[in-house]
Amino acid sequence: MKGSKHKQSLNKILPSGKPENDFFNQVWELVRQIPKGRVTSYGAIAAALGAKSGARMVGWAMNSSFGQNPVVPAHRVVNRMGQLTGKIHFPTPTQMQEQLEKENIKVINDQIVNFEKHFWDPLKEL
DNA sequence: ACGCTGACTATTA
DNA sequence: CTAATAGCCAGCG
C-alpha cells in the first residue's frame, strides 16, 4: 500500500487557523465536477450541500475560489435565470462569457441561451 | 461587538 | 403582469 491515496487530505488547515473544509471548499469541489459544456446555479449548489447556508454564500465562496488549485470553473456557475450576474467579479467582465462560448454555450446579453438545456443539477446528476 | 453588504431565491403586494 | 421585500449566513469596517 504505498501511496494509494484515493483522496487527498481534505483537512487542509490554513496557518490562519481556519479550516479549509468549510462550506467554501465543498462548493469548490462541486463546481469542479461540473462537466464541460454544462452550467449550474448557486441555489442548486447550495441545495446539494444541504441549503443550510443559502445561495448567497455560494457566490461568496466563488469569490474566494480565485487562485485555487485546481482552478474552479466559476464561469459555469450562474444565477437561477441563467444570467451571468457574476461576470462582474471576474478579472475581466468578458472572461466569463468568453469561457462559456469556448464550451459551446451561447451567451446573448449576459443570458445563457437554452439555459435549462445546459443546466447541470448536482443533486440529480450525482 | 454591531451593523451593512453581498456572484441569490422565493414570496407577497 | 411587474416591483419590492424578506430570508439566508459569513466576511469586513
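Both backbone and side-chain heavy atoms feed into the values below; hydrogens, waters and symmetry mates do not. Residue numbering restarts at 1 for every chain, and letters A, B, ... go by the order of the sequence lines.
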### Query
With a non-hydrogen cut-off below 4.0 angstrom, is A/G86 in contact with a base, only sugar-phosphate, or nothing?
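Base contact - A/G86 has a heavy atom under 4.0 Å of at least one base atom.
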### Message
Using a 4.0 Å heavy-atom cut-off, does A/A74 contact any base of the nucleic acid, only the sugar-phosphate backbone, or nothing at all?
### Response
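Touches a base.
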Report the distance from atom [atom1] of [X] to atom [atom2] of [N], rounded to the nearest whole Å.
X     : N      : atom1 : atom2 : answer
A/F24 : C/dA10 : CZ    : P     : 9 Å
A/N63 : B/dA7  : CG    : P     : 8 Å
A/W60 : B/dT5  : CH2   : C1'   : 7 Å
A/I45 : B/dA7  : CD1   : P     : 15 Å
A/F23 : C/dG11 : CZ    : P     : 11 Å
A/F66 : C/dG11 : CZ    : P     : 18 Å
A/M62 : C/dG11 : CE    : P     : 15 Å
A/Q26 : C/dC9  : CD    : P     : 15 Å

Let me confirm one number: the [atom1]-[atom2] distance from [X] to [Y], rounded to the nearest 0.5 Å.
X      : Y      : atom1 : atom2 : answer
A/F23  : A/M57  : CZ    : CE    : 8.0 Å
A/Q97  : A/I108 : CD    : CD1   : 9.0 Å
A/Q111 : A/L84  : CD    : CG    : 8.5 Å
A/R76  : A/I112 : CZ    : CD1   : 11.5 Å

### Criterion side chain to side chain contact (heavy atoms under 4.5 Å, CB included) on A/I34 and A/V77, from CA distance to verdict
CA-CA 9 Å; A/I34 300 175; A/V77 185; 4.2 Å; yes
### Summary
Here the ring-ring contact (aromatic ring centres under 6.0 Å, His included) pairs for residues 102-126 of chain A, sequence neighbours left out, are A/F115-A/F119
### P-based separation of B/dT5 from C/dT5 [nearest Å]
14 Å
#### Entry: Whole-angstrom distance between C/dA6 and B/dC4, as gauged at atom P
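Their P atoms lie roughly 14 Å apart.
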### Task
Write out all pairs satisfying side chain to side chain donor-acceptor pair (under 3.5 Å) with one or both partners inside residues 80-92 of chain A, taking only residues at least two apart or from two chains.
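Qualifying pairs, neighbours excluded: A/K87-A/D110.
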Atom pairs under 3.5 Å, N or O on each side, protein against nucleotides 9-11 of chain B: can you list them with distances?
unit_1, atom_1, unit_2, atom_2, d
B/dT9, OP1, A/R80, N, 2.8
B/dT9, OP2, A/R80, N, 2.7

